[in-house]
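Here is the structure we will look at.
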Amino acid sequence: MTLSVISRQVATAFAAFGVSGLVLVGCNNTSAPEANKQEPAATTDTSTPAGENTTDAASTASNTATAGSAGRDPNKDTIIIGTTEGDFADMVRNQVKKTLEDQGYKVELITFTDYVRPNLALADGDLDINVFQHKPYLDTFKAENKLDLVEVFQVPTAPLGIYAGKKKSLDEAYKGMSVSAPNDPSNFARALVMMSDLGWIKLKDGIDPLKASKADIADNSKYDIKIVELEAAQLPRARDEVDFAVINGNYATDSGIKITEALFQEPSFAYVNWSAIKTADKDKQWVKDVTNAYNSDAFKAYAHQTFPGYKYPKIWGEEPAAK
């Protein structure tokens with residue numbers, strides 16, 4: 001199935017869900033996930049750009065590897081990886097692609113500007129693996145769309161953060177202020193938890209923080225916050241229109257915002273992102289090879305140098321002891 005066909009299917013799916021205007025990511029309801037339909041559909045990148053950011057360790061690993069030396073899957077010549085544009089795409093271009101090609105694979109990268117098509121393309125066989133989503137989102141999306149997908153390994157992830165808008169410091173919070181937040185339910189829940197952590201709002205006792213919604217706000221009287229819900233990709237561009245902005249890490253970095261500029265970051269590690277594959281592929285050699293590429297010492301060195309302030313995979317053993 002081609003990606004243009006997928007786009008038509010997505011439009012049909014939106015109509016079936018009865019959603020108009022902004023489309024939502026389903027985490028605690030049956031709404032379809034968000035999609036920035038103003039952006040280009042998807043692009044294929046099969047080359048490594050000049051001036052790529054790699055570490056000495058990564059270069060050494062690449063130079064000493066030989067094609068097929070690690071036992072390339074004899075049944076797999078090309079691995080098609082799908083990501084959202086930004087840091088996840090850069091990880092492929094600047095590190096993972098070279099590692100796998102030195103092992104004997106051909107690697108194609110397809111980038112997306114929404115959270116809907118990567119899973120649909122994976123399920124339909126247009127991708128072999130995708131990297132763009134946290135597990136709560138994957139679990140909800142595959143259940144709602146009846147997709148046989150499974151997570152494989154975690155990847156370095158830029159945490160959700162509160163960034164300056166018209167106001168440059170959290171000390172400038174005032175009654176009646178506006179705060180923009182991702183409009184998809186799973187990320188909106190994260191935004192509410194962050195505002196609760198700051199004492200800006202109070203949430204009801206006993207709620208599931210992964211599924212918090214506006215209905216779970218017990219008290220907003222302290223600041224009487226006007227929460228402006230936008231598609232995640234639009235949040236960086238709309239910073240000047242609100243007092244504070246809750247922005248997804250990948251969209252922050254893709255727009256040139258440094259993670260270290262965040263005024264506040266979520267402390268939870270529940271949203272470190274995962275790769276996903278079709279369940280039928282989970283025991284295949286090429287999947288193990290991709291997993292090893294993302295967990296190699298060379299990739300870790302590259303990630304530490306390139307993505308300061310990110311949250312790293314739990315398997316790396318770098319999660320702070322105190323949460």
Side-chain angles (χ1 to χ4, degrees), residues 21-25 27 33-39 84-88 90 113-115 132-134 137 157-203 209-210 212-268 270-271 273 307-311:
L22 297 178
V23 187
L24 308 180
V25 170
C27 185
E34 64 143 336
N36 184 353
K37 294 186 284 185
Q38 301 299 320
E39 300 288 341
T84 45
E85 190 52 79
D87 47 7
F88 296 131
D90 289 341
T113 57
D114 66 85
Y115 293 157
F132 78 99
Q133 64 198 320
H134 51 67
Y137 176 69
T157 305
L160 195 72
I162 295 180
Y163 293 84
K166 296 177 183 177
K167 302 300 181 183
K168 307 306 178 186
S169 168
L170 296 179
D171 293 336
E172 297 181 72
Y174 68 96
K175 196 174 184 69
M177 66 182 177
S178 58
V179 179
S180 60
N183 67 359
D184 58 274
S186 61
N187 287 314
F188 186 74
R190 298 166 69 185
L192 291 180
V193 171
M194 291 176 68
M195 286 187 265
S196 176
D197 288 342
L198 285 170
W200 288 1
I201 63 173
K202 290 183 180 179
L203 295 174
L210 301 181
S213 68
K214 278 187 176 179
D216 295 315
I217 299 176
D219 188 359
N220 186 23
S221 62
K222 182 176 181 179
Y223 290 109
D224 191 22
I225 299 173
K226 178 184 178 183
I227 302 176
V228 181
E229 299 178 54
L230 298 172
E231 290 186 10
Q234 296 178 353
L235 291 165
R237 298 193 292 269
R239 290 173 72 188
D240 293 339
E241 300 174 17
V242 294
D243 295 303
F244 299 97
V246 180
I247 304 178
N248 300 64
N250 63 309
Y251 286 117
T253 57
D254 193 32
S255 64
I257 302 172
K258 295 180 180 179
I259 295 298
T260 52
E261 292 177 17
L263 303 177
F264 183 78
Q265 289 182 352
E266 63 180 350
S268 173
Y271 296 100
N273 284 23
F307 305 114
Y310 277 46
K311 292 185 176 179

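From a predicted model like this one, the values you see are computed outputs, not experimental measurements.
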query: Atom CZ in Arg237, atom OH in Tyr251: separation rounded to 0.5 Å?
result: 9.5 Å

message: Measuring only between side-chain heavy atoms, which start at C-beta, is Phe188 closer than 4.5 Å to Lys214?
response: yes

query: For the atom pair CG (Leu160) and CG (Asn187), what is the distance rounded to the nearest 0.5 Å?
result: 6.0 Å

task: Can you measure from CZ (Arg239) to CD1 (Ile247) and round to the nearest 0.5 angstrom?
output: 5.0 Å

- prompt: Is there a side chain to side chain contact (heavy atoms under 4.5 Å, CB included) between Val246 and Arg190 once you walk through the steps?
  reply: CA-CA 9 Å; Val246 180; Arg190 298 166 69 185; over 6 Å; no

query: Minimum heavy-atom separation for Gly199 to Lys222, with atom names?
result: O-CD, 3.4 Å

- prompt: Can you pull the side chain to side chain donor-acceptor pair (under 3.5 Å) pairs that have at least one residue in residues 159-171, sequence neighbours excluded?
  reply: none

message: Is it the case that the side chains of Asp184 and Tyr137 hold a donor-acceptor pair, with the cut-off being a distance below 3.5 Å and no angle test?
response: no

- prompt: Can you find a heavy atom in the side chain of Ile162 that is under 4.5 Å from one in the side chain of Met194?
  reply: yes

field: Backbone of Gly249 reached by a side-chain donor or acceptor of Thr253 within 3.5 Å
entry: yes

task: Apply the side chain to side chain contact (heavy atoms under 4.5 Å, CB included) test between Ile227 and each candidate in Val242, Asn220, Ile217; give the one that qualifies.
output: Ile217

- prompt: Heavy-atom count around Asp240 CG within 6.0 Å, excluding the residue itself: above 12?
  reply: no

query: From Asp243 CG over to Ser178 OG, what is the distance, rounded to the nearest 0.5 angstrom?
result: 4.0 Å

- prompt: Can you say whether the rings of Trp200 and Tyr223 are parallel (under 30°), tilted (30 to 60°) or perpendicular (over 60°)?
  reply: perpendicular

query: Excluding sequence neighbours, so at least two apart, what forms side-chain contact (heavy atoms from CB on, under 4.5 Å) with Val193?
result: Asp197, Leu203, Pro209

field: Exercise: identify the closest heavy-atom pair between Leu230 and Ala238
entry: CD1-CB, 3.6 Å

query: What heavy-atom pair brings Gly309 and Ile259 nearest, and what distance separates the two atoms?
result: O-CG2, 3.9 Å

message: Using side-chain heavy atoms (C-beta onward) and a distance below 4.5 Å, is Gln133 in contact with Tyr115?
response: no

query: Of all residues at least two apart in sequence or in a different chain, which pass the side chain to side chain donor-acceptor pair (under 3.5 Å) check with Asp87?
result: Tyr310

query: Out of curiosity, Ile225 CD1 to Lys175 NZ, how far, rounded to the nearest 0.5 Å?
result: 10.0 Å

message: Given 3.5 Å as the limit, does a donor-acceptor pair link the side chain of Lys311 with the main chain of Ser268, or not?
response: yes

task: Kindly give the heavy-atom pair with the smallest separation between Asn183 and Glu229, and that separation in Å.
output: CB-CB, 3.9 Å

- prompt: About how many Å separate CG of Asp254 and CG of Asn248, when rounded to the nearest 0.5 Å?
  reply: 11.5 Å

